*Asks:* 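Dropping the structure in here first, questions after.
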There are 2 protein chains.
Amino acid sequence: MLDDLDKKLLDILIRDSRTSLKELAQQVGLSSPSVSERLRRLEDRGVIRAFTVEIDPQALGYTLQAIVRIRPLPGKLHIVQKLIEEIPEFGECDKVTGDDCFVARLFVRSIGDLDKLLDRIADKAETSTAIIKAQPIRRRPPPLDMPNI
Amino acid sequence: MLDDLDKKLLDILIRDSRTSLKELAQQVGLSSPSVSERLRRLEDRGVIRAFTVEIDPQALGYTLQAIVRIRPLPGKLHIVQKLIEEIPEFGECDKVTGDDCFVARLFVRSIGDLDKLLDRIADKAETSTAIIKAQPIRRRPPPLDMPNI
DNA sequence: AGCTTTTTGTCCAGGTCGTCCAGCATTTTA
DNA sequence: TAAAATGCTGGACGACCTGGACAAAAAGCT
C-alpha cells in the first residue's frame with residue numbers, strides 16, 4: 001500500500017507534476033535519489049497512471065460540453081461502443097448499470113457539431129443529451145487519506 | 001490562438017508532463033529557453049490549467065465508481081450544490097440542462113459507503129445512481145487539431 | 001514602401017538539478 | 001542468529017535550466 005510519504009508526494013504532484021525532485025525531496029524530508037526511486041515504484045505499480053497536463057477546452061475551440069446517455073439498440077452494443085471510442089470528441093465514457101448503457105462526455109465547438117456527431121450513432125442507439133451549463137467540480141482525484149463517512 | 005508548435009508541445013506534455021525542456025525543445029525544433037517561454041505563456045493565458053498526475057483510484061482503495069444524477073427539491077438547489085462540493089468523494093460534477101440538475105462522479109470504497117454518502121443528500125434531492133462497470137474511454141483532452149466532423 | 005515597435009527567437013555562462021554509485025542502517029527471511 | 005533484502009544518504013559527475021544580451025521576424029503606422 002501507500003505510506004505517508006507516498007501520499008505527500010502524490011499530493012504535491014497533483015498540484016504541480018513538474019515539481020523538481022529536489023523540491024519534492026525537501027518537502028517530504030528525503031534525499032532526491034529516494035524520491036526518484038519512490039516515483040519510479042509508484043509508476044511501476046500503476047498507482048501513477050500518467051503525468052499529464054490539464055488543458056482548457058475553450059482554448060482549443062471547444063466551447064460546449066455535453067453529457068450523453070447512450071442506450072444501444074438490441075444487438076448493437078459492440079458496434080456502438082466501437083463507434084464511441086473512435087470519435088475523438090468523446091472525452092470520457094463509462095459503461096454503467098441501468099437502462100442507459102453508456103454515459104459519455106462530449107466536447108464540441110458548436111451545437112451544429114453536436115448534432116452531426118450524435119447523428120452518427122442515431123441509427124444504432126437511443127441517446128439523451130444534457131448540455132453542461134457549469135462545472136461545480138472539475139475533475140479531481142479521490143481523497144488521499146480516509147475521510148470520515 | 002495556438003500555433004503548430006504549441007500544439008506539438010501540448011501533445012507531448014499530455015503523454016508525459018515531466019518531459020524536460022531540453023527534450024521538448026529538440027522534439028519541436030526550438031531552443032530550451034524558447035520552449036520555457038512558450039510554456040509560461042500557455043500557463044499565463046490559461047490554456048494550460050495545471051500540470052498534474054493521473055492516479056489509479058483502486059490504489060487508494062476506491063474500488064467503486066458511480067455516476068449520480070441529482071435533482072434538488074424545490075428551493076434546495078444551492079444547499080445541494082454546496083453539499084456536493086464539500087464531499088471530497090465527488091470527483092467531478094457538472095450542472096446540466098434538463099430534469100437532472102447535476103451529474104456527478106462518485107468514488108467510493110464500498111457499496112456501504114455509497115449508501116451513506118447518498119443518504120447525506122437524500123432529504124434535499126432525488127438521486128439516480130448508476131454503478132460504473134467499465135471505462136471504455138478514460139478522461140482525455142479534446143482533439144488538438146480539428147477533426148473532420 | 002519604409003520605419004518603428006513588439007514579439008519571438010538564439011547563444012552563452014553560471015548555477016542548479018538529476019543520476020549513479022558505494023556504503024550504511026533497518027527489517028525480513030531462513 | 002546469520003544472511004539477504006530493502007530503503008536510505010552523501011558526494012561526484014554530467015546534464016539541465018535560467019537569465020541576460022542581442023538578433024530576427026512579424027505587426028502596426030505614416
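Predicted model, so just to flag it, every value in this text is computed and none were measured. In the text below, chain A, chain B and the rest are named by the order of the sequence lines, each starting its count at 1.
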*Asks:* Flag the pair B:Thr129 / B:Leu106 as yes when at least one side-chain heavy-atom distance between them is below 4.5 Å, and no otherwise.
*Replies:* no
*Asks:* Rounded to whole Å, please give me the gap between CG in A:Leu30 and C1' in D:dT6.
*Replies:* 14 Å
*Asks:* Between C1' on D:dG7 and CG on A:Asp44, what's the gap in Å once rounded to a whole number?
*Replies:* 16 Å
*Asks:* Give a yes/no on whether any side-chain N or O of A:Ser34 is located under 4.0 angstrom from OP1 or OP2 of D:dG7.
*Replies:* no
*Asks:* Do NZ/NE/NH1/NH2 and the carboxylate oxygens of A:Arg139 and A:Glu92 come within less than 4.0 Å?
*Replies:* yes
*Asks:* Any carboxylate oxygen within less than 4.0 angstrom of a Lys/Arg side-chain nitrogen, looking at A:Asp56 and A:Arg138?
*Replies:* no
*Asks:* B:Arg38 CZ to C:dT10 C1': how many Å, rounded?
*Replies:* 14 Å
*Asks:* Strictly by salt bridge (Lys or Arg N to Asp or Glu O under 4.0 Å), give each pair with a member in residues 14-29 of chain A just once, sequence neighbours left out.
*Replies:* A:Asp11-A:Arg15
*Asks:* Would you say the side-chain atoms of B:Arg109 pair up with the backbone N or O of B:Leu60, donor to acceptor, closer than 3.5 Å?
*Replies:* yes
*Asks:* In whole Å, I'd like the distance from the CD atom of A:Gln27 to the C1' atom of C:dC17.
*Replies:* 16 Å
*Asks:* Students often get this wrong, so: under 4.0 angstrom with heavy atoms, is B:Arg41 touching a base, only sugar-phosphate, or nothing?
*Replies:* sugar-phosphate
*Asks:* Between B:Glu85 and B:Lys82 (salt bridge meaning N to carboxylate O under 4.0 Å), is one present in this structure?
*Replies:* no
*Asks:* May I ask you to say whether B:Arg40 pairs ionically with B:Glu37, meaning some side-chain N is under 4.0 Å from a carboxylate O?
*Replies:* yes
*Asks:* Using side-chain contact (heavy atoms from CB on, under 4.5 Å) as the criterion, point out the one residue from B:Leu73, B:Val80, B:Ile70 that pairs with B:Lys124.
*Replies:* B:Val80
*Asks:* Just the rounded figure in Å: distance from P of C:dT8 to CG of B:Leu9.
*Replies:* 14 Å
*Asks:* Let me have a per-nucleotide readout for nucleotides 10-24 of chain D, 5' to 3', with B, S or -, counting only protein heavy atoms under 4.0 Å.
*Replies:* B-----SSBB-----
*Asks:* Between P on C:dC11 and CD on B:Gln26, what's the gap in Å once rounded to a whole number?
*Replies:* 14 Å
*Asks:* A:Glu37 CD to C:dT19 C1': how many Å, rounded?
*Replies:* 12 Å
*Asks:* Taking five pairs at each end of the helix from C:dA1-D:dT30 to C:dA30-D:dT1, what angle separates the two helix axes (nearest 10°)?
*Replies:* 50°
*Asks:* Just the rounded figure in Å: distance from C1' of D:dC8 to CZ of A:Arg40.
*Replies:* 15 Å
*Asks:* Evaluate the side chain to side chain contact (heavy atoms under 4.5 Å, CB included) criterion for residues B:Ile67 and A:Asp100: first the C-alpha distance (whole Å), next the side-chain angles of each, then the deciding distance (0.1 Å), finally the verdict.
*Replies:* CA-CA 11 Å; B:Ile67 302 289; A:Asp100 307 313; over 6 Å; no
